[in-house]
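One structure below.
Side chains are part of it too, since the values below use all heavy atoms of this structure and drop only hydrogens, waters and symmetry mates. The chains referred to below are lettered A, B, ... by the order of the sequence lines, with proteins before strands, and numbering in each begins at 1.
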Amino acid sequence: MPDAAFQSEFLKTLQARGYINQATHPEELDGLAARGAITAYIGFDATAASLHVGHLFSIMTLRRLQQAGHKPIVLMGGGTTKVGDPTDKEGQRPLLTDEQIQANIASIKTVFSRFLTFGDGPTDAVMVNNADWLERFGYVQFLRDYGVHFTINRMLAFDSVKLRLEREQPMTFLEFNYMLMQSVDFLELSRRYGCVLQMGGSDQWGNIVNGVELIRRVDGKPAFGLTTPLLATASGQKMGKTLGGAVWLNADLRSPYDYWQFWRNTEDADVGRFMRLFTDLPLDEIARLEALPGAEINEAKKVLANAATRLLHGAEAATTAEAAATAAFEQGRLSDDLPTHEVDRGVLDAGVALASLAVEAGLAASKGEARRLAKGGGLRLNDRAETDGDRLVTDADIVDGVVKLGAGKKKIVLVKPV
RNA sequence: GGGGGAAUGUCCCGAGUGGCAAAGGGGGCGGACUGUAAAUCCGCUGCUGUAAUGGCUUCGUAGGUUCGAGUCCUACUUCCCCCA
């Protein structure tokens, strides 16, 4: 992106906070956004029961849009999920059934209301499902209406397709059509809502540009695309997977405490960038915090964790999570708000192997793994490393009503007899 | 339609002579050092079980040969390349 001085509040903010990777016709878009409210959308496919931290980038982009006085559209990919986006995947993934997709959409939906204000007002967010139009086309009609606007020559040149071909990996005709469907989505939203902008991750550039061109060609209407940078940590790792699995946004899959911990464990070099992207903290405050020297940067990480958790789970959950973390890590105390696993009192009366208990509590995937963890000194029982995975855990190990299990330094589960 | 090649530890890449739970790497997890950071070093990374030898299940699918099959044979599936 050129360092063009944007006029519109929206683009100024995006640029200042580091959301922009690429944009089509940036000056034109800026002018439009400066003159009045625009409508923009981002699509989300329903491939899992929850979105994860990687999607947060997109969600926050929509939030910025609304904050700047524009109208966001959340597009659920009920139709496109059935086809499967070939982008960045080496192979085709198994096709989901209608029921799975419906269930996923229902589960995903809940998260958006925390970041966006929905309603009927001019800048209220709306949620739509592309199954509403994509599933209504007849094959011949679809080909005649839209197929004529796409050349194979050009489609083959896009990265999503080119990479597959270069790696000699199969790309089915089904997936090949994803690009058309996404383009038609944009056209459809342009017609229904006067949507002029599609945003997305940088891997979506090809898909987005196609939509922009389709609208300009078919309807002669203005249309723009804007992509966000790929989200990676400063040390180059893909973001979103830490401490055992994806960082899901739904609370039932990843507790607020874990979510808080995820942000608390941010690398030093990422703190400023993440605060700009994932919190509403003012820029000058962020600049001050990220400049904290040495270990003081940990204060900034707490601010980040609090702000990010507050956005997703609410202020109360954030406070609770911080208190639990402070107690556990800084004071070595227990807090009821740590993740808890309940067991029958009888189990402890009889005694249960430590390894089994660790598996039950979710600290290890199998007993073998738990044993290895123990042997490596990574399994702790009431804060003492326990190298024997077969050691029986009994009533005698209950301290203050719970047995405290730890895997590594950061994962703690309280086992509570009931 | 004909000919040739390929599918490996359910995270990925990838070596593999009939004795193989299967080299190596990435990733992940754990330990040390630190600041709940990064970098670095060390260990672990199929399930299950013993103090320990063990048992079970894995190399595209299904059969077969063999004391023994990832490795050989047959059929099938999928993919790649060449010819038509």
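Atom-to-atom distance recorded for A:K301:NZ and A:D270:CG is 9.0 Å, nearest 0.5 angstrom. Taking CG from A:L354 and NZ from A:K367, the interatomic distance works out to 12.0 Å, rounded to the nearest 0.5 Å.
Closest approach to the A:D268 side chain among B:C47, B:U36, B:G35 is made by B:G35 (side chain taken as heavy atoms from C-beta onward). Here the side chain of A:R264 is nearest to one of B:G35, B:U36, B:C47, namely B:U36. Among B:A37, B:G30, B:U48, the nucleotide with an atom closest to any side-chain atom of A:K301 is B:A37. Side chain of A:A325, nearest nucleotide from B:U50, B:U36, B:C29: B:U36. Considering only the side chain of A:Q261, B:U36 comes nearest among B:U36, B:U48, B:C29. Taking every side-chain heavy atom of A:S366 into account, B:C47 is the closest of B:C47, B:G30, B:U36.
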Go through A:Y146 and A:S183 one step at a time and tell me if the side chain to side chain contact (heavy atoms under 4.5 Å, CB included) criterion holds. CA-CA 9 Å; A:Y146 303 112; A:S183 301; over 6 Å; no

A:T228 vs A:M199, side chain to side chain contact (heavy atoms under 4.5 Å, CB included): CA-CA, chis, key distance, verdict: CA-CA 8 Å; A:T228 52; A:M199 302 183 290; over 6 Å; no

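With both pairing distances under 3.5 Å, B:A32 is matched to B:U40 as a Watson-Crick or G-U wobble pair. B:U53 is unpaired under the Watson-Crick or G-U wobble criterion, no partner having all donor-acceptor distances under 3.5 Å. Searching all strands for a Watson-Crick or G-U wobble partner of B:A62 with both distances below 3.5 Å returns B:U74. Across all strands shown, B:G1 forms a Watson-Crick or G-U wobble pair with B:C83, both key distances being under 3.5 Å.
Contact annotation: side chain of A:D390 to base of B:G49, donor-acceptor pair absent below 3.5 Å.
If you take NZ of A:K367 and P of B:C56, they are 18 Å apart, rounded to a whole angstrom. The distance between atom CG of A:L289 and atom P of B:G35, rounded to the nearest whole Å, is 21 Å. B:G35 atom P lies 14 Å from atom NZ of A:K302, rounded to whole Å. Note: CG (A:D388) to P (B:U50) measures 10 Å, nearest angstrom. Rounded to whole Å, the distance from CG on A:L405 to C1' on B:G30 is 16 Å. Computed from coordinates, the A:N265 CG to B:A38 P distance equals 8 Å when rounded to whole Å. For the pair A:K411 NZ and B:G28 P, the computed distance is 12 Å after rounding to whole Å. The distance from atom CD of A:E299 to atom P of B:U36 is 11 Å, rounded to the nearest whole Å.
Take the nearest nucleotide of RNA chain B for A:A295 and for A:G376: the residue whose nucleotide is more 5' is A:G376. In terms of position on RNA chain B, the residue among A:E369 and A:K375 whose nearest nucleotide sits closer to the 5' end is A:E369.
Rounded to whole Å, the C1' atom of B:A21 lies 15 Å from the corresponding atom of B:C44. On the C1' atoms, B:A7 is 12 Å away from B:G70, given to the nearest whole Å. Nucleotides B:U34 and B:A52, compared at atom P, are 34 Å apart to the nearest Å. Rounded to a whole angstrom, the distance from the P atom of B:G28 to that of B:C72 is 36 Å. Spacing of C1' atoms, B:U71 relative to B:C56, comes out at 22 Å, to the nearest Å. Here, B:G43 and B:U53 have their C1' atoms 24 Å apart, quoted to the whole Å. Between B:G46 and B:U40, the two P atoms lie 24 Å apart (nearest whole Å). Comparing the same atom, C1', in B:C20 and in B:A32 gives a spacing of 34 Å after rounding to whole Å.
Taking 4.0 angstrom as the limit, A:T266 places none of its side-chain polar atoms (N or O) nearer than this to OP1 or OP2 of B:A37. The shortest distance between the side-chain N/O atoms of A:K409 and the OP1/OP2 oxygens of B:C29 is not below 4.0 Å. Phosphate contact (OP1/OP2 of B:G28, side-chain N/O of A:R372, threshold under 4.0 Å): absent. The side chain of A:R371 contributes an N or O atom lying less than 4.0 Å from OP1 or OP2 of B:U50. Distances shown here put every side-chain N or O of A:K410 at or beyond 4.0 Å from the OP1 or OP2 atom of B:G30.
Residue A:I297 is in base contact, counting any heavy-atom pair closer than 4.0 Å across all strands shown.
Taking 4.5 Å as the limit, every side-chain heavy atom of A:E27 sits out of range of all side-chain heavy atoms of A:Q7.
Base orientation of B:C72: anti, since the glycosidic angle falls outside 90° of 0.
When each of A:R17, A:R64, A:R310 is paired with A:D280, the salt bridge (Lys or Arg N to Asp or Glu O under 4.0 Å) condition holds for A:R64 and for no other.
Evaluation of the side-chain contact (heavy atoms from CB on, under 4.5 Å) rule for A:V218 yields A:H149, A:R191, A:L214 as partners, not counting sequence neighbours.
With no hydrogens or angles considered, no side-chain donor-acceptor pair links A:Q261 and A:D258 at under 3.5 Å.
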